[in-house]
Amino acid sequence: MADKEKTSSSRRMRVIDQDEGFNFAAYEADWQKFWNERRVKESERETAERRGSRKKFYALSMFPYPSGVLHFGHALPYTIIDSLARYKRMKGFDVLCPMGWDAFGLPAENAAIEAVRRGEKDVHPKTNTLANIAHMRGQMDKFGYSFDWEREVFTCKPDYYKWTQWIFLKMLDKGLAYRKKARVNWCPSCKTVLANEQVETIVKDHDEFQGCFRCGSKVEPKEIDAWFLRITDYADRLLDGLKQVEKDWSELVVTQQRNWIGRSEGVNIDFEVELRQGASGSGPLVPPNAAESKPVEHARLTVFTTRADTVFGVTYVAIAPEHPLVNRILELVDSRTHKRIADFVEETLSMTEMDRASGDEKEGVATGMYAVNPLNGEKVPLFVANYVLMYGTGAVMAVPAHDERDHEFAREYRLPIKAVIEPPADKRQTDSGRIVDVKRKAFCDYGILRDSGKYNGQQSEAAIKAIAADLKASGKGGPVVNYKLRDWGISRQRYWGCPIPVIHCEKCGIVPVPENQLPVLLPDDVDFLPTGQSPLTLHPDFQKTKCPRCGNTSARRDTDTMDTFVDSSWYWYRYTDAKNDKAIFDKEKAKHWCPVDLYVGGREHAILHLIYARFYTKFLHDLGLVDHDEPFTRMFTHGLIQGEAIKIVNEQMSRYVTAEQLEKLIAEGKAKPEDVTRRVEKMSKSKFNGADPTALVQQYGADTVRLCVLFMGPAEQDSVWDPQGILGTHRFVKRWHETILSSAPLVENLPDMDESCRMNPAAKALRHAAHMLIEKATQEYEGRYAFNTVIAKCMELVNDIRAFITAEKLEGVVKGAQDSSLASRWTLNEAFSILNRALAPIAPHTAEEANKALGGKGSIFDQPWPKADPAALVLDEVELPVQVNGKVRGTIRVPRESDAKALEAAALANEGVKKMMEGKTVKKLIAVPGKIVNVVVG
RNA sequence: GCGGACGUGGCGGAAUUGGCAGACGCGCAAGACUUAGGAUCUUGUACCGCAAGGUGUGUGGGUUCAAGUCCCACCGUCCGCACCA
């Protein structure tokens with residue numbers, strides 16, 4: 001009987017033919033036009049009115065580099081930020097959700113260079129970039145993103161980079177921008193300098209090396225004059241600031257930032273080096289006695305250590321090849337030692353710092369000089385060693401017994417190993433049960449001091465403090481803090497970037513371009529083919545200028561451009577006042593909108609961009625331009641969407657194929673399953689593992705794609721693109737749309753009613769489901785951001801609604817006040833309304849369409865976010881599981897308020913439970929009201 | 001080597017506070033409607049078993065009336081850092 005009913009109703013549900021009735025392309029375009037016109041009108045009455053009493057919400061996603069096409073790496077964050085912006089608007093917030101372009105940078109320049117080499121004419125990075133932007137803007141519009149385009153910023157346009165230059169001048173003024181000769185990382189392929197942060201470890205053909213983050217070429221060291229920003233001055237503030245944000249940023253980002261700053265507390269210890277004429281590093285390492293050779297001079301050598309407690313175990317001292325003392329030593333040593341040191345230094349310095357670090361052999365050269373340990377007066381040999389970096393003081397006291405690196409070096413060069421830390425009782429033995437022996441392996445944990453004079457018997461921690469204090473008292477060192485963070489090199493010898501606004505004058509030196517002459521325009525007519533020097537040096541006029549200070553006409557402009565990370569270190573402030581041509585931004589406007597409430601972006605920027613952005617914020621704060629110290633209250637890092645690449649390798653072929661090609665090849669016997677490897681990799685055309693979001697929008701509609709990227713899994717997690725998966729969300733959008741359109745007549749012209757109307761149990765259940773959805777959706781949009789689970793709940797509600805319509809036999813229009821189905825219709829209407837609003841942030845077009853179909857006027861975004869009725873959230877009766885010895889054996893239906901006693905009685909009366917209890921006695925009864933009953937029998 | 005995250009059906013994933021594991025979706029199977037179906041609808045779908053029932057959240061142990069969730073040890077995958085003294 002029930003089956004008959006279902007069949008007839010499912011037929012009725014099919015009233016709307018899918019192909020003709022579901023024209024998502026048309027309605028999506030209509031609504032986009034509608035929103036667009038509205039937004040423009042709204043922005044006209046901007047500011048004062050808008051900034052009224054409503055609370056603000058600044059929703060920001062990292063602006064893209066205009067690479068030319070929108071890909072999945074963009075679709076996810078923009079869908080997240082747009083959905084949350086729309087949600088917040090429904091919650092009554094005044095929302096700022098802008099978009100712009102990180103438009104300077106190498107790819108555009110490289111593309112132009114390639115084009116020139118191919119012989120194309122009229123190619124220019126600017127043309128590429130602007131064309132790419134126009135194209136990507138069109139693609140974004142098709143997604144229905146509600147960005148504030150009136151505030152669009154382009155980092156490559158003079159009205160923006162004028163202020164990038166302005167900040168630079170302020171830094172120069174405060175001594176935070178400076179020029180120095182530096183050994184830099186040079187990418188021979190991009191022909192430019194890379195910041196330390198832009199160099200990464202690359203593994204290729206089992207070879208590990210330090211490479212360019214962009215093109216993967218092996219980086220080389222190069223000495224060059226370059227501009228640096230003194231970010232290290234802000235190290236402590238950058239570290240402290242993390243405490244403010246750590247609970248609302250992903251833990252990973254915070255730890256990475258912390259590690260990058262790399263604060264370490266230690267002790268500086270001054271050793272006195274006896275420099276002797278004609279010293280020799282060959283032969284036995286025995287300090288000469290005073291009679292043999294007098295030192296020509298004494299030099300102070302400061303070492304940095306975190307383990308001052310081991311200072312009595314020092315058996316040699318080592319300095320970095322870059323250490324300033326090396327030159328003086330070279331002047332004094334005998335010719336053989338001179339050659340050995342000089343060769344060694346040259347060889348080591350020809351490697352990049354990072355290659356040197358990844359080399360596995362520790363090497364060094366004895367200098368023939370000796371250093372005096374200030375605590376025990378011992379003389380120990382001084383080495384130049386490749387494993388010592390110019391970190392801290394560039395010199396270390398070596399304690400082979402208690403430091404692995406020193407241990408390795410000491411064994412290599414047969415240097416003494418002297419134990420001065422006794423392991424605590426529980427660490428006397430190694431994991432394999434052997435007694436700890438420092439001859440075999442360094443013991444690096446804390447312990448108790450021995451053979452350390454007056455510090456004998458102290459714990460390491462206490463000894464470190466005591467020794468530091470004593471050193472300070474005697475003027476031979478003291479506690480000190482070091483950082484791994486280095487100053488930020490921003491000079492780039494490339495064309496497509498922001499010019500550095502300074503002038504070099506023979507008489508006055510470095511002279512800032514006066515503020516009223518900003519911006520220093522980047523000329524268009526430049527030969528940008530890479531030569532290794534800045535393309536701007538080749539421009540006929542760019543350099544020529546007058547010194548603003550002395551008027552000297554042979555002064556010339558700086559020809560380097562800035563690292564593009566500079567451009568993006570302050571852009572979110574410009575959005576708050578994007579068209580201001582008098583100032584970088586209006587302080588009041590920035591104060592109103594900032595800090596950013598939610599910043600969405602990829603993990604790849606966890607260190608670089610975020611640390612620079614935070615640095616700039618602190619600087620703007622110090623200038624008095626912003627009142628906060630941290631720019632992004634909450635940072636949400638989304639995952640990467642990758643694709644599964646299928647590769648076939650056998651005698652006939654070695655190539656990537658699509659899933660269809662694979663099927664065909666296997667069917668034809670041209671490939672065997674064992675020839676196939678599947679790997680999840682970054683989407684790429686050549687690997688056939690990508691998907692073009694714009695093509696998908698065309699095929700399935702924006703709402704489908706938006707839902708799809710969020711439904712794939714938790715947004716912060718990486719996921720693998722499944723071409724089938726989109727069908728699921730597409731079906732859902734259709735079902736939702738169709739259900740509402742075909743059922744709208746059921747709820748037309750409903751008389752006024754409220755939740756007090758008499759609902760049958762099915763209606764109460766539906767109402768419960770709808771209001772639970774409000775709770776769920778609110779929670780997720782408010783901050784948990786597990787959008788996949790909201791979508792799942794919405795799908796459930798659609799299923800519930802359809803089942804409800806069928807079960808209640810709701811048909812036709814409202815038959816007046818006597819209609820017995822009024823309460824059910826009212827419930828249905830409310831469920832529709834809740835469903836549409838819950839989905840509106842993610843699938844706005846269909847939500848608008850559904851709202852209109854139900855007679856809604858204007859936009860669904862004018863409606864308030866729904867509020868759950870507490871009464872609807874609880875059911876009169878609940879179904880509880882009953883366990884016997886921890887296994888579910890039945891369920892009981894009981895009134896919601898039932899206490900433990902009632903639950904126990906109901907549980908024991910349950911048939912399934914009784915059956916399992918036969919012949920056994922009840923040992924214990926646990927009844928948790930609202931949760932579960934467990935009967936323990938034995 | 002150090003640090004972090006993760007491990008649940010054929011697949012993506014859910015289970016937010018220790019309380020019915022597998023929501024929702026994909027895929028698959030059967031059926032309905034169809035000239036047709038990558039459309040739509042219905043039903044089923046963790047595994048073993050005809051069934052009763054048993055087993056089950058990487059492995060092994062533990063705590064608990066009750067463990068995907070808490071504790072201990074191990075295995076595996078991914079990511080980050082990597083001579084920072």
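Protein chains get the first letters and strands the later ones, always in sequence-line order, with residue 1 at the start of each.
Considering only side-chain N and O atoms, Y387(A) lies nowhere under 4.0 angstrom from the phosphate OP1 or OP2 of A85(B). Considering only side-chain N and O atoms, K887(A) lies nowhere under 4.0 angstrom from the phosphate OP1 or OP2 of G53(B). Phosphate contact (OP1/OP2 of C65(B), side-chain N/O of K923(A), threshold under 4.0 Å): absent. For the pair N788(A) and A14(B), the criterion of a side-chain N or O lying under 4.0 Å from OP1 or OP2 is met. Contact check, R258(A) against G3(B): no side-chain N or O comes under 4.0 Å of OP1 or OP2. Look at N799(A) and you'll find a side-chain N or O under 4.0 angstrom from OP1 or OP2 of G25(B).
Following rounding to the nearest Å, E604(A) (CD) and C79(B) (P) show an atom-to-atom distance of 15 Å.
Across the strands present, U42(B) finds its partner in A30(B); the criterion is a Watson-Crick or G-U wobble pair with both atom distances under 3.5 angstrom. Nucleotide A82(B) is matched to nothing when pairs are restricted to Watson-Crick or G-U wobble geometry with both distances under 3.5 angstrom. Using Watson-Crick or G-U wobble geometry with both donor-acceptor distances under 3.5 Å, C70(B) finds its partner in G62(B). Base pairing analysis places C6(B) opposite G76(B); the two distances defining the Watson-Crick or G-U wobble pair are each below 3.5 Å.
Considering only the side chain of A792(A), A23(B) comes nearest among A23(B), C65(B), G53(B). Of the candidates U40(B), A5(B), U16(B), the closest approach to any side-chain atom of E251(A) belongs to A5(B). Which of U16(B), A23(B), G19(B) sits closest to the side chain of Q883(A) comes down to G19(B). Candidate nucleotides A66(B), G38(B), A39(B) were compared by shortest atom distance to the side chain of Y700(A), and G38(B) ranks first. Comparing atom distances between the M795(A) side chain and each of G19(B), A39(B), C24(B) picks out C24(B) as nearest. Listed nucleotides: G19(B), A85(B), G25(B). Nearest to the side chain of F711(A): G25(B).
Ring centroid separation for the pair F409(A) and Y316(A) comes in under the 6.0 Å cut-off.
Side-chain contact of D487(A) with T232(A): a donor-acceptor pair under 3.5 Å is present, judged by distance alone. D270(A) and T302(A) form a side-chain donor-acceptor contact under 3.5 Å, judged by distance and modelled atom types alone. For the residue pair N386(A) and T348(A), no side-chain donor N or O sits within less than 3.5 Å of a side-chain acceptor on the partner.
Using a cutoff of 4.0 Å between basic side-chain nitrogens and carboxylate oxygens, R307(A) and D309(A) are scored as salt-bridged. Look at R258(A) and E251(A) and you find no salt bridge, because none of the NZ, NE, NH1 or NH2 atoms lies under 4.0 Å from a carboxylate O.
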Check the interface with nucleotides 46-50 of chain B: list each N/O to N/O pair with the protein under 3.5 Å, or write none.
none

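Straight-line distance between the P atoms of C2(B) and A73(B): roughly 14 Å, to the nearest whole Å.
Classification of G9(B) as syn follows from a glycosidic angle within 90° of 0.
Counting heavy atoms of neighbouring residues, nucleotides and ligands inside a 6.0 Å radius, atom CD of E604(A) exceeds 12 of them. Residue-environment remark: NZ (K901(A)) stays at or below the threshold of 12 foreign heavy atoms within 6.0 Å. Counting heavy-atom neighbours within 6.0 Å of E404(A) CD, excluding the residue itself, gives a total of 12 or less.
In terms of position along RNA chain B, the nucleotide closest to V720(A) lies nearer the 5' end than the nucleotide closest to the other residue of the pair V720(A) and N934(A).
Less than 4.0 Å separates RNA chain B from at least one heavy atom of each of the following residues of residues 722-732 of chain A: D722(A), Q724(A), L727(A), G728(A), R731(A).
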